[in-house]
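Written out below as structure tokens is the structure these notes cover.
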Amino acid sequence: MSSAAVEPARDHAEAELTDGFHLVVEALKLNGIRTIYGVPGIPITDLGRLAQASGIRVISFRHEQNAGNAAAIAGFLTKAPGVCLTVSAPGFLNGLVALANATTNCFPMILISGSSEREIVDLQQGDYEEMDQLAVARPLCKAAYRVLHAADIGIGIARAIRAAVSGRPGGVYLDLPAKLLGQVMDAEAGRRSLVKVIDPAPAQLPAPESVARALDVLRGAEKPLIILGKGAAYAQADDDIRALVEKTGIPYVPMSMAKGLLPDTHPQSAAAARSTVLAESDVVMLIGARLNWLLSHGKGKQWGAPGSKRFIQVDIEPREMDSNVEIAAPVVGDIGSCVAALLRGVGDTWQPPPAAWTDAITAKKEQNVARMASRLGRNAMPMDYHSALRVLRDVIKERPDAILVNEGANTLDQARGVIDMYRPRKRLDVGTWGVMGIGMGFAAAAAIETGQKVLAVVGDSAFGFSGMEVETICRYGLPVCVVVFNNDGIYRGDGVNPSGGADPAITMFVPGARYDRMMEAFGGVGAHVTTPDELKRAVDAAMDSGKPTLINAVIDPAAGTESGNIGNLNPKSALAKKGGA
Ligand code: ADP
Ligand code: TPW
Ligand code: MG
């Protein structure tokens with residue numbers, strides 16, 4: 001045990017004491033943690049209770065994965081680690097999915113789990129909820145720590161916070177054995193053991209020569225393109241990013257969660273000509289976006305002729321450079337510092353890109369926008385994705401501060417294309433893994449962290465992964481309007497059992513299900529709509545009132561396509577009979 005814990009009692013008869021529970025709460029408060037997302041139980045019930053008693057907002061969920069997703073997106077929205085608190089083994093494992101997802105997406109998060117007796121766990125003697133949680137967590141997160149002595153709680157939490165937010169943000173696991181929480185020590189020594197983390201995510205300035213190199217490459221471009229990723233949204237360098245785009249005049253494409261960093265209606269947005277600009281650009285500057293599967297790894301057909309591209313990459317993680325293709329000009333540092341340096345280098349005499357390039361993009365955009373407009377103009381009955389999304393596009397246009405949460409397959413892909421975003425960090429979705437189940441956790445945390453109204457547009461399958469949290473949304477009275485795009489299934493609602501047997505097709509749900517009644521069951525508002533007008537009225541009412549609402553929007557079961565826009569990634573058996581086994 002460290003010396004602080006065995007300090008002799010002071011002169012007065014009853015030395016003031018503290019314990020692990022209090023030290024954890026005090027350490028979190030000292031570091032500005034205002035909210036904890038979790039599920040209570042042995043051994044952390046009293047920890048949550050004490051946190052609540054001392055002014056931290058403790059949001060109890062129905063499943064740890066949703067609490068974890070809430071914490072992760074809180075981290076994305078605030079740049080401070082979102083905290084998720086769970087019980088041992090099963091609760092920990094439920095939360096671990098969200099921790100791994102946070103790490104994959106570079107969101108700062110701390111999963112704090114209670115754990116069983118080390119002595120018993122390590123001898124595998126079958127303790128209550130026995131598991132070597134630290135070992136399980138380690139490969140799935142950025143850092144993992146365990147605290148064994150009350151006097152080390154301050155340091156443990158300081159390390160967790162720093163690991164989560166510094167450098168490339170990510171998920172951190174903090175293991176708190178039950179015995180630690182009950183450990184008693186002198187209160188004054190306890191207070192002194194706490195650490196307030198100074199400058200948890202220090203600025204990382206790019207090397208001046210890397211900035212000069214990047215500007216040289218950019219200056220020599222005939223057909224430059226900027227790609228903004230969710231790292232750029234996370235960085236909260238909104239004004240400088242906008243200034244860099246506008247001063248250089250370079251067309252840009254936002255990745256999904258970077259939509260709204262500049263308004264999607266910005267004249268330099270090339271989103272509506274995405275395939276053209278990816279294929280034809282000669283220099284691409286990535287800002288907080290990785291060349292992973294979402295960008296076809298920076299090579300292949302989508303990127304035009306082999307060797308036609310030079311990349312500039314701005315990222316805080318040096319090892320991201322050359323991960324998939326050669327990066328001609330790596331700029332390593334935090335995006336705020338890097339973009340500010342680039343902006344200084346651009347100066348006031350920058351030549352905009354050749355008109356041949358920007359005119360070609362504008363022409364392509366106009367073509368695609370007109371095509372989209374005709375699809376959006378149709379009034380399909382039953383509703384297809386576009387007729388329903390036209391309405392939701394208008395809802396967000398009228399309320400640009402609202403936060404949009406989006407998951408599903410077709411529901412995701414079509415909504416991303418149709419719903420314009422106008423402000424930074426307003427679009428939250430399935431991220432790098434394309435994971436289902438972020439919906440209600442993200443929606444709850446978005447409402448709590450920002451105080452804004454939330455519109456969650458979710459497929460009926462996607463919704464099912466976190467649907468029980470409508471109770472949580474009702475319980476805390478959160479201003480969340482959930483629109484379930486109900487097409488009776490995964491991708492489509494007209495699947496056929498290839499065996500001809502009585503079981504439904506594997507992609508099918510109960511036809512005509514009434515998800516709206518789930519919200520009503522907990523005192524929220526339910527609505528069942530079959531037309532765009534009904535949908536608009538119901539969403540407007542929800543967004544105006546801020547009452548927890550679930551709108552069951554009936555979508556044509558035949559409107560979707562398998563796997564949405566990424567059917568190309570879905571392997572198909574060449575040996576199976578068409579439509580069958
Ligand atoms: P998207 O999915 O939008 O393309 P990714 O998640 O692939 O975005 O990429 C985000 C990138 O942003 C990561 O490589 C991460 O290291 C980087 N990043 C995150 N925060 C910062 C920051 N503050 N400064 C610089 N880079 C950052
Ligand atoms: C954790 C696989 C990708 S998309 C999807 C599943 C199950 C649901 C699509 O149906 P939905 O949308 O939501 O009704 P729509 O409009 O196309 O009908 N498990 C996890 N993550 C993923 N991505 C899957 C499964 C999947
Ligand atoms: Mg569906």
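Throughout, numbering of the chain's residues begins at 1 and tracks the sequence. Please read all numbers here as calculations on a predicted model, not as lab measurements.
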Derivation of the salt bridge (Lys or Arg N to Asp or Glu O under 4.0 Å) call for Arg242 and Asp239: CA-CA 5 Å; Arg242 183 171 184 148; Asp239 292 346; over 6 Å; no
Beyond-backbone contact of Arg425 with Gln236, side-chain heavy atoms, under 4.5 angstrom: yes
pair Phe463-Met440: side-chain heavy atoms closer than 4.5 Å: yes
Exam field: side chain Glu222 to backbone Ala356, donor-acceptor pair closer than 3.5 Å: no
Residue pairs fulfilling side chain to side chain donor-acceptor pair (under 3.5 Å) with at least one residue in residues 196-210, sequence neighbours excluded: none
Check: Ser281 side chain, Val283 main-chain N or O, donor-acceptor pair, under 3.5 Å: no
Side-chain (Asn69) to main-chain (Gln65) donor-acceptor, under 3.5 angstrom: yes
Results of side chain to side chain contact (heavy atoms under 4.5 Å, CB included) for Lys536 - residues two or more places apart only: Val391, Asp394, Val395, Glu398, Asp540
Any residue meeting side-chain hydrogen bond (donor to acceptor under 3.5 Å, both in side chains) with Lys29, in chain and number order, not counting sequence neighbours: none
Pairs flagged by side chain to side chain donor-acceptor pair (under 3.5 Å) wherever residues 354-365 is involved - sequence neighbours left out: Lys364-Gln367
Among Thr35, Ile36, Leu85, the one residue meeting side-chain contact (heavy atoms from CB on, under 4.5 Å) with Leu28: Ile36
Asp152 and Arg159 ion-paired at < 4.0 Å: no
Residue pair Ala164 / Ile110: nearest heavy atoms and the distance that separates them: CB-CG1, 4.3 Å
Heavy-atom pair of closest approach, residues Val58 and Ala51: CG2-CB, 3.8 Å
Stepwise side chain to side chain contact (heavy atoms under 4.5 Å, CB included) test for His297 and Val325: CA-CA 8 Å; His297 305 281; Val325 296; over 6 Å; no
Side chain to side chain donor-acceptor pair (under 3.5 Å) evaluation trace for Thr561 with Asn410: CA-CA 7 Å; Thr561 55; Asn410 296 281; 3.3 Å; yes
Residues that Ser387 engages under side-chain hydrogen bond (donor to acceptor under 3.5 Å, both in side chains), provided they are two or more places apart: Asp384
Sub-4.5 Å side-chain heavy-atom contact between Leu261 and Lys259: no
Sub-4.5 Å side-chain heavy-atom contact between Pro263 and Asp420: no
Set of residues satisfying side chain to side chain contact (heavy atoms under 4.5 Å, CB included) with respect to Met372, sequence neighbours excluded: Leu376, His386, Val418
Set of residues satisfying side-chain hydrogen bond (donor to acceptor under 3.5 Å, both in side chains) with respect to Asp240, sequence neighbours excluded: none
Between Asn292 and Thr432: side-chain donor-acceptor atoms closer than 3.5 Å: no
Any donor-acceptor pair under 3.5 Å from Glu326 side chain to Ala328 backbone: no
Ser337 and Asp334: side chain donor to acceptor below 3.5 Å: yes
Note, Val332 side chain near Pro318 side chain (heavy atom, < 4.5 Å): yes
Pairing residues for Pro200 by the side chain to side chain contact (heavy atoms under 4.5 Å, CB included) criterion, not counting sequence neighbours: Ile161, Val165, Val197
Check: Ala74 main-chain N/O paired with Glu449 side-chain donor or acceptor under 3.5 Å: no
Val331 to Cys338 - nearest heavy-atom pair and separation: CG1-SG, 3.8 Å
Non-hydrogen side-chain atoms of Val454 and Val405 separated by less than 4.5 Å: yes
Atom of Ala388, atom of Leu535 and distance for their closest heavy-atom approach: O-CD2, 3.5 Å
Results of ring-ring contact (aromatic ring centres under 6.0 Å, His included) for Phe311 - residues two or more places apart only: Trp303
Full working for salt bridge (Lys or Arg N to Asp or Glu O under 4.0 Å) between Asp544 and Arg399: CA-CA 10 Å; Asp544 291 344; Arg399 297 171 184 79; 3.0 Å; yes
Minimum-distance pair of heavy atoms, taken over all atoms of Gly75 and Tyr234: O-CE1, 3.6 Å
Residue list, side chain to side chain contact (heavy atoms under 4.5 Å, CB included) with Ala341, at least two apart or on another chain: Pro206, Val211, Arg344
Distance in Å, Ile312 CD1 paired with Leu218 CG, rounded so as to fall on 0.5 Å steps: 4.5 Å
Check: Glu320/Ser323 side-chain N/O donor and acceptor closer than 3.5 Å: yes
Check: Thr450 side chain, Ala446 main-chain N or O, donor-acceptor pair, under 3.5 Å: yes
Between Asn324 and Lys299: side-chain donor-acceptor atoms closer than 3.5 Å: no
Flag, side chain of Lys453 to backbone of Met543, donor-acceptor distance under 3.5 Å: yes
Asn406 and Arg427 side chains, donor-acceptor separation under 3.5 Å: yes
Heavy atoms of other groups near Asn565 CG, more than 12 under 6.0 Å: yes
Donor + acceptor pair across side chains of Gln452, Asp401 (<3.5 Å): no
Partners passing side-chain hydrogen bond (donor to acceptor under 3.5 Å, both in side chains) against Arg219 (at least two apart in sequence or in another chain): Asp216
Side-chain (Lys142) to main-chain (Ala163) donor-acceptor, under 3.5 angstrom: yes
Note, Leu215 side chain near Trp350 side chain (heavy atom, < 4.5 Å): yes
Under 3.5 Å: donor-acceptor pair, side chain of Thr103, backbone of Gly171: yes
Pair Asp238 + Arg423: basic N to acidic O under 4.0 Å: no
Heavy-atom side-chain contact between Leu262 and Tyr252 under 4.5 Å: yes
Qualifying ring pair (Phe, Tyr, Trp, His ring centres under 6.0 Å) pairs, either residue in residues 415-449, two or more places apart: none
Residues Asp282 and Lys223 bridged, charged N to O under 4.0 Å: no
Over 12 foreign heavy atoms within 6.0 Å of CZ, Arg34: no
Shortest non-hydrogen contact from Leu294 toward Gly431: CD1-O, 4.5 Å
Passing candidate, side-chain contact (heavy atoms from CB on, under 4.5 Å) with Leu291, options Ile227, Val284, Leu286: Leu286
